[in-house]
Structures are given as structure tokens and as C-alpha cells.
Amino acid sequence: MTLAAAAALEKTAQESYVELAKPSLIGLSRAELMQRLEGIGVPASQRKMRAQQLWHWIYVRGVTQFADMTSISKELRGQLAEHFTVDRPEVVAEQISADGTRKWLLRLPSGLAGERAHEVECVYIPETDRGTLCLSSQVGCTLNCAFCHTGTQKLVRNLTAGEIVGQVMVAKDRLGDWPLALDAEKKDGSNRLVTNIVMMGMGEPLYNFDAVRDALLVVSDNEGIGLSRRRITLSTSGVVPNIVRAGEEIGVMLAISLHAVRDELRDVLVPLNRKYPLKDVLQACRDYPGASNARRITFEYVMLKGVNDSLDDAKLLVKLLKGIPAKINLIPFNPWPGSAYQCSDWDQIERFSEYIFNAGYSSPVRTPRGRDILAACGQLKSETEKLSAREREALRAMALTD
Ligand code: SAH
Ligand code: SF4
């Protein structure tokens, strides 16, 4: 590939931004917390215990200031407040739809004067048996999938682990989802509101591997927020070298944005395919640690009218996935201003779905109505507008229910 073609394929993520004078402790590992404690002179013999206390106050109780951490000495609380915060990203806007779906627009530090604010969105989708939180991993995205709104955003930067965990903190704050805030917290946590997480907001999580890994390890820690890794799904457009790593180092469920079953078409829809073609993506799926019939890999497939929605495509899809413990998530395309595609007709989505269902795959399309039921995610862009009915349907379609 020529350099120019490579540049068109991937914008460069801006890694640097100015760290806050008083950084937040949200998102740090226990070891990092202990380092921070060392930095402010906490004696070695106390660091482990203090880090444990902080962990509990931050991730079990959800407190937002050191003053409330009453098991920690007043003196240390004062010292902590002098150097750190437990701040979350700033909530710029919150939209709550009639069905309870919530969307938050969050502002992150940019640090550079005059620069457009760095903003990401985070969405909560309640259902009867679960509540799914859709998190962003980057501001914008370096990839340019042809059907995705996020990919058109120029400004790109990786989120820190703190900013990823911060989205969970904001959601739990706004929902009142800290154990002590729930009327009667059940032992098994079954009345929790945030029960599942999907890394399906803005950005390509496997291009921000370390921060995503660190954040998900914090969120799944048993002594804190305690979300099971089986309830966390990471979606990737196919960054092959990091797929198996994700299984090994994070151990969460995997979703692949497949969208096409032939390289010629996938090269256009998901340009990263030119670097990591279908064969390599599918091999990485076969090698994914922990994949089994009980832990299937989800294949996301956006339904684009006349582009990838024929029965031949469905047949080839079934053939390609042979031998991989898989489920298929059909996503009605969600158009955006200037997008070049249309959503498949509802009848066609049903035919497609039926074919793969008959071939033995679960293939939820979670959209009850006809043509106007188009879809979803990937639509996230740093903009404040009300959630439309269509968007809500779309977001629910993304909630990955079996
Ligand atoms: N970057 C990651 C995760 C975020 S996108 C990825 O691509 O997997 C989450 C899902 O929404 C992906 O499957 C993506 O392909 C899909 N998507 C993007 N734009 C869409 C659109 N306009 N309509 C429907 N789905 C879309
Ligand atoms: Fe990026 Fe995913 Fe959108 Fe592709 S679909 S541009 S990888 S966010």
C-alpha cells in the first residue's frame, strides 16, 4: 500500500493533551493508586490498606469527594483533596427518552487554548432484564467506515482509562445506581441498573488498547463495580493483532463489525479490511481465548439496501462462520446527513434473518416496525440533539440481547 493510501485509511490519533493540575483518581489500578499515595508521602506500611479503602469508597459507594470517605483519617483526606479529585467527566447534556434510554454528552479536557472541546457520548439502554451502557473509547475514530458517522469526525484522541471508567461513574451517578442508593441492594446485585457494558460508542477500542484494558479491568473488579466480564462486550472493526490480546488480557466478550462477506466489498465498507482481510479476522476469532458455545462471538452486520443484504450474502455469511461459536446481530442502517447508503427494506431484513436463523444462528433484529425502524450506534457524534424514536430503536438493536 502506498503511504498516501495508508494515510487515507487511518487518521492519526492525537495522544497528547494536558493533564489536569489536580488529576482524578478514577480509573487508576490499585498499584497506580499506591504510587499516588507514595507521591504524597503515605508510609509504605499503609499504602495497600489506604488504596483498598479508596477503592471501596470510589467504586462501591460512588462518593464524589474525599471528605465523605469517613474511614480515612481526616488528615489524609485533606492531603488527598489537596492533590487529587474523584471527578468524573463533565456532563454537558443529558437526554432522557420516554422509554428510559438516556444519552449523556460528556466534555473532556482538551488543554489546548482555542481548540474545539473534546466530547464523547455515552448511552444507557434499559430493558426488562438488563441495563446496557454503551461506552466510547476515543473522541472520533481514526478509521473511516463508509457508513459510520463517527468516522467523519476529524478530531481524534484516545480516551484515558479514567475517562472510560468515568463514563460508567457518570451513568451510575445519574441513575442512582450505587448499592447504598438502591432501596434494598440484593446480594446477587440483581436490582442493579447498569448490568452490561458494550464498547460500541465512539472510537475503535482496539486502537486504544491499554486504556480500554485498564478501564475494563477496573470495571470488572469484584471488590468494586464488579461487572462480570461475560457482561462486557468489546466491538472491533477488526484490528487483528489486538483481538487475541483482548481475550488474553481483558477476557471480555468479543463482537466483530463484519458487515460484508467478500473482501472487495468489505474493503469499501470497512477500509481496515485492506490491512486485515476477512480471512485474518476470522482466524483471530477462531483463536479467541474462551470462545465457546456458551461464550459466542457476536458478528455485527449492518443492513445496507442493495449492497450487502442479498440471500447470497446470507449464505456466504453462514459458510464463513462455520466452526466459529457465533451469533449474528443484524443492525438496520441508521442514515445520517450526507451518508451514501440506505437501510435495507424490512422484508429483506426479515428474509436475511430467517435464512441465518434456519442455519442455526441466533439473529436478533430488535426492531418491531417497518421501514422507519432503521438503526443505530456509529451515529454517535459529539452533537447535542434529542434522541429520535428511530435512534432509540437503533440503540436497542445494539443492546445485544440474545
Ligand atoms: N469502532 C468499533 C465500535 C463502535 S461502532 C466498531 O466498529 O466495531 C458500533 C457498531 O455500530 C459497529 O458495528 C459499527 O459498524 C456500527 N455502525 C456504525 N455506523 C452505523 C450506522 N450508521 N448504522 C448502523 N450501525 C452502524
Ligand atoms: Fe470507527 Fe467503528 Fe465507526 Fe468504523 S464503525 S469508523 S471503526 S467507530
Side-chain angles (χ1 to χ4, degrees), residues 8-11 13 120-123 125 132 134-159 164 197-209 212 232-240 242-243 246 252-260 266-276 281 285 297-305 307-309 328-344 349 365-367 373-382 388 390-391 393-400:
L9 192 61
E10 297 174 31
K11 292 167 252 173
V120 288
E121 287 185 328
C122 168
V123 181
I125 308 134
T132 304
C134 178
L135 303 182
S136 293
S137 56
Q138 299 182 308
V139 175
C141 183
T142 56
L143 301 169
N144 304 298
C145 298
F147 50 86
C148 175
H149 204 193
T150 306
T152 63
Q153 195 168 317
K154 283 208 190 78
L155 175 72
V156 183
R157 91 149 159 88
N158 281 336
L159 300 196
I164 298 168
I197 283 182
V198 292
M199 295 301 301
M200 293 189 184
M202 292 165 62
E204 168 47 60
L206 294 187
Y207 269 165
N208 185 13
F209 189 88
V212 166
I232 302 178
T233 302
L234 184 151
S235 171
T236 179
S237 56
V239 184
V240 164
N242 284 344
I243 291 179
V252 292
M253 307 295 284
L254 178 67
I256 299 284
S257 293
L258 197 69
H259 307 317
R266 199 165 186 270
D267 281 350
V268 175
L269 297 181
V270 184
L272 186 64
N273 194 69
R274 292 183 228 149
K275 197 164 175 183
Y276 304 119
V281 172
C285 292
I297 296 172
T298 300
F299 289 88
E300 297 158 278
Y301 197 93
V302 64
M303 298 300 290
L304 303 171
K305 185 173 181 169
V307 175
N308 66 353
D309 63 350
I328 298 161
N329 194 215
L330 298 181
I331 315 171
F333 170 63
N334 190 41
W336 35 274
S339 62
Y341 299 98
Q342 280 180 295
C343 181
S344 306
I349 298 182
V365 191
R366 315 209 72 241
T367 37
I373 313 159
L374 324 185
C377 255
Q379 219 239 342
L380 297 185
K381 223 186 155 181
S382 310
S388 65
R390 202 164 67 185
E391 241 184 324
E393 291 300 345
L395 290 166
R396 229 174 284 115
M398 294 304 306
L400 285 185

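In each ligand, atom 1 is the first atom listed, and ligand 1 is the first ligand listed. Keep in mind that this is a model prediction, so the values were computed, not measured.
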Task: Expected output: side-chain N242 to main-chain L206 donor-acceptor under 3.5 Å - done: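 Here the side-chain-to-backbone pair exists.
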For this session: Would you confirm whether S136, through its side chain, and E121, through its main-chain N or O, come within 3.5 Å as a donor-acceptor pair?
Result: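 A pair under 3.5 Å: yes.
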- Do I197 and V252 have side chains that get closer than 4.5 Å, going by heavy atoms?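 No; the side chains remain at least 4.5 Å from each other.
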**Asked** Going by the order shown, which atoms of ligand 2 are within less than 4.0 Å of some heavy atom of S237?
**Response**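 Answer for ligand 2: 7 (S).
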Quick check: does V302 get an N/O under 3.5 Å from an N/O on ligand 1?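 Such a contact does not occur with ligand 1.
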- Judging by distance only, is a nitrogen or oxygen of G203 under 3.5 angstrom from one on ligand 1?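 It does: an N or O of G203 is found under 3.5 Å from an N or O of ligand 1.
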Using a strict 4.0 Å cut-off to heavy atoms of [X], name the atoms of ligand 1 that fall inside it.
X    : result
T236 : 6 (C), 8 (O)
F147 : 15 (O), 17 (N), 18 (C), 19 (N), 20 (C), 21 (C), 22 (N)
W336 : 22 (N)
C148 : 18 (C), 19 (N)
G201 : 4 (C)
N334 : 21 (C), 22 (N), 23 (N), 24 (C)
I331 : 24 (C), 25 (N)

Sub-4.0 Å heavy-atom approach of [X] to ligand 1:
X    : result
P335 : no
S137 : no
Y341 : no
E204 : yes

* Parallel, tilted or perpendicular: which describes the rings of Y341 and F333, with under 30° parallel and over 60° perpendicular? ->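 Answer is perpendicular, since the angle exceeds 60°.
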M200 and its side chain to side chain contact (heavy atoms under 4.5 Å, CB included) partner, picked from L234, L135, V123, T233 |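 Answer after filtering L234, L135, V123, T233: T233.
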Review point. Heavy atom under 4.0 Å from ligand 2: found in C145's side chain, backbone, both, or neither?
Key: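 Contact part for C145 vs ligand 2: both backbone and side chain.
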Search all heavy atoms of [X] against all heavy atoms of [Y] and return the closest pair with its distance.
X    : Y    : result
V302 : H259 : N-ND1, 2.9 Å
Y301 : N308 : OH-O, 2.5 Å
S137 : N208 : O-ND2, 3.0 Å
P271 : C145 : CD-CA, 3.7 Å

Can you measure from OG (S237) to CZ (R266) and round to the nearest 0.5 angstrom?
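Here the interatomic distance stands at 7.0 Å.
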Just by distance, no angles: are the side chains of E204 and T236 close enough, under 3.5 Å, to form a donor-acceptor pair?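 A pair is found: one side chain offers a donor N or O, the other an acceptor, under 3.5 Å apart.
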task = Flag C148 as yes if one of its N/O/S atoms falls below 2.8 Å of atom 3 (Fe) of ligand 2, otherwise no.
result =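 A backbone or side-chain N, O or S atom of C148 is under 2.8 Å from atom 3 (Fe) of ligand 2.
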* To do: For atom 14 (C) of ligand 1, state which one of E300, M200, H259 supplies the nearest heavy atom.
  =>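 Going through E300, M200, H259 one by one, H259 has the nearest heavy atom to atom 14 (C) of ligand 1.
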